Each structure stands twice: as structure tokens, then as C-alpha cells.
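Note that the structure is predicted; figures quoted are calculated from it, not measured. Values below: every heavy atom of this structure, side chains too, minus hydrogens, waters and symmetry copies. Whatever order the structure lists ligands and atoms in, that order sets their numbers, starting from 1.
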Amino acid sequence: MDSRRPLLLSIDFEDWHQLVHRRLGRADWDRRHPDFPRHVHAVLGLLDELGARATFFLLGMTVANYPELVAEVVARGHEPACHGYAHVRVHAQTIDAFSADVARSIEAIEGTTGRRPSAYRAPAFSINRRTPWAYDVLAELGLTIDSSQYDSPRVPDRLGAIPAAPYRLRTQGGRELWEYPVATWGPLPIGGGGYWRLLPGAAIRRGLHEFGVLYFHPYEFAAEPLRADVPPRATVRQRVLAESRSAWRNTGRGRLVPQLREVARTYRLVSYDQVRDDIARHYGTRSRALSQEGGLV
Ligand SMILES: [Zn+2]
């Protein structure tokens with residue numbers, strides 16, 4: 001019997017070049033990029049090596065560009081979930097625009113995989129105090145799990161007082177969703193991203209706990225450094241943006257894979273759908289509601 005404790009593994013399936021090239025204003029930002037299949041195969045290979053499964057939060061516009069990769073992700077045993085369509089922050093959208101974006105993404109995912117996603121993650125964890133209505137939209141669209149809460153200083157106007165373990169979330173409209181928050185350790189957001197590239201591995205492992213959520217992106221698993229291509233006749237501002245985006249993502253990037261291998265010695269890395277019944281049993285009595293001010297009570 002496997003004595004390792006379960007840890008929830010999630011991958012935000014989005015094409016780094018597509019997002020950065022859009023930000024840089026390249027006319028061809030939306031075309032397929034040859035690096036993305038390599039990034040996805042790097043993560044799939046590592047998950048096979050570790051005997052791990054993950055929940056893949058699929059970005060709709062990336063699904064549209066790479067349907068064959070999405071089919072492969074699901075064929076290899078991973079769970080398809082929803083990351084919205086165009087990667088626009090929730091607090092930059094109206095309710096109707098947000099609802100249309102998520103619905104369009106669900107449709108793309110269902111059309112490509114034949115499976116309707118049950119879990120959602122907002123771009124850049126962007127459900128905040130200004131957008132408590134987002135949870136009602138998600139529930140209306142048939143989603144049953146949200147995994148957008150991350151108590152990180154990089155999230156503006158964030159909810160605060162986010163529980164460390166999964167819990168039932170009552171929406172302002174009286175609906176219910178499960179929330180699987182991304183792992184934190186005290187004030188440190190240790191669920192993924194820069195913290196995995198910068199903090200000592202021992203500190204991260206000490207802070208992890210059963211049913212915590214880890215999140216990564218395919219581009220973090222490939223060996224070669226990332227490089228954004230500036231548009232022809234780029235301005236100084238565009239060059240600086242391209243350089244800084246690449247430099248931030250490349251710092252410490254070789255450290256993620258060995259750290260995840262180390263974590264997998266003591267934790268069983270699982271997808272949400274593998275353990276949702278266990279979570280309901282363990283945490284079914286824990287609940288929070290969204291107040292009229294948008295905070296958790
Ligand atoms: Zn994202």
C-alpha cells in the first residue's frame with residue numbers, strides 16, 4: 001500500500017509565447033509556437049516517471065491551437081479542467097464577459113476531449129474582493145470546484161483569510177462550490193511559481209501538507225531557457241518587457257524538476273478527480289461564505 005500522503009497537482013495549460021507575444025503586440029501572437037509541444041511533452045514525461053497524475057487547467061485559446069496535445073494529455077490519464085478562454089483577469093471583465101469567456105472555454109474543452117470540466121482556475125488567481133459574483137457564474141455553468149484562491153501578495157485586492165485546506169464555499173447567490181486553495185505556508189505562497197525557483201527545497205517541503213494544491217505551467221519543465229521575440233521595429237519599452245519577462249521566468253528554472261522529484265518521495269501527486277470523494281469526506285464540515293463586502297466569513 002502507498003503510504004505517501006496525497007498532494008493535488010495542477011498544471012495551467014497555456015502557451016507562454018502566445019501570452020507574451022500578445023502583450024508585446026506582435027501581429028502573429030496567436031499562431032502555434034514550436035516550443036509548446038516540447039514543453040508539454042517535458043511535463044507529461046516527468047509525470048509518467050513519477051507515476052503522477054495532474055489536473056490540467058486548459059486555456060481555451062490554447063486548446064484551439066493544439067487540440068492534438070490536449071487529446072494526448074487526457075489519453076495519458078490526466079484530468080481536463082477549465083482556465084477560461086482568453087486569459088483576461090476576472091477583475092478586468094464584466095459579469096457577462098466573464099460568463100461568456102468561461103462558457104466558450106468549456107465548449108472548446110468538451111469539443112476536444114469529450115469531457116465536461118468540473119474544476120476552474122482564474123487567470124492569475126484574479127477572483128478578488130471586487131468580483132465575488134464570479135463564483136455564482138461558475139456554479140451556474142455547472143462547475144463544482146474552484147481553485148483560484150491563492151493568498152499571494154501578487155494578487156491585488158485578494159480575499160484574505162483563505163483557509164489552508166479544501167472547504168465548501170457558499171456564494172453570494174446561495175449556491176455552493178468546493179474551493180481547493182493553492183498551498184501557502186504562513187505568509188509564504190509556496191504552491192508554485194517563483195517560490196519554487198527561489199526558496200530552498202527543504203523550506204517548501206516543510207510547508208506542504210496533505211491535499212495542498214501545487215500549480216505549474218508547461219514552460220517551467222523544459223530544459224532550454226525561454227525567449228520572447230519582439231516585434232519588428234520594437235520600441236525600447238517592448239524590448240525591456242520581453243527581456244524582463246524572460247529573465248524572471250528563467251531564473252532558477254532548472255530547480256523545479258529535481259524539487260518535484262524530491263516532493264514525490266513523500267507525497268503522492270494526484271489529480272483532483274482522483275481524490276474528490278476523499279476530500280468531501282475529510283473536509284465536508286468545513287465551510288465559508290462570501291460576505292456582501294466580498295470577503296470570506
Ligand atoms: Zn494562466
Enquirer: Quick check: of its N, O or S atoms, which one does Glu14 have closest to the Zn ion (ligand 1)?
Expert: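 Per the distance ranking, Glu14 contributes OE1 as its closest N/O/S atom to the Zn ion (ligand 1).
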Enquirer: When you measure from the Zn ion (ligand 1) to the N, O or S atoms of Asp12, does any of those distances fall below 2.8 Å?
Expert: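 It does not; every qualifying atom lies at 2.8 Å or beyond.
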Enquirer: Ring centres of Phe13 and Phe36 under 6.0 Å apart?
Expert: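 Centroid separation for Phe13 and Phe36: below 6.0 Å.
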Enquirer: Please set out all donor-acceptor pairs under 3.5 angstrom arising from side-chain atoms of residues 185-201, sequence neighbours excluded.
Expert:
| from | atom 1 | to | atom 2 | distance (Å) |
| --- | --- | --- | --- | --- |
| Trp196 | NE1 | Ile190 | O | 2.7 |
| Arg197 | NE | Thr251 | O | 3.2 |
| Arg197 | NH1 | Glu220 | OE2 | 3.4 |
| Arg197 | NH2 | Trp248 | O | 3.1 |

Enquirer: Are the charged groups of Arg158 and Asp151 less than 4.0 angstrom apart, N to O?
Expert: yes
Enquirer: Tell me the angle that NE2 of His83 and NE2 of His87 form around the Zn ion (ligand 1), rounded to 10°.
Expert: 100°
Enquirer: Would you call Pro80 and Phe56 a side-chain contact if the rule is heavy atoms closer than 4.5 Å?
Expert: no
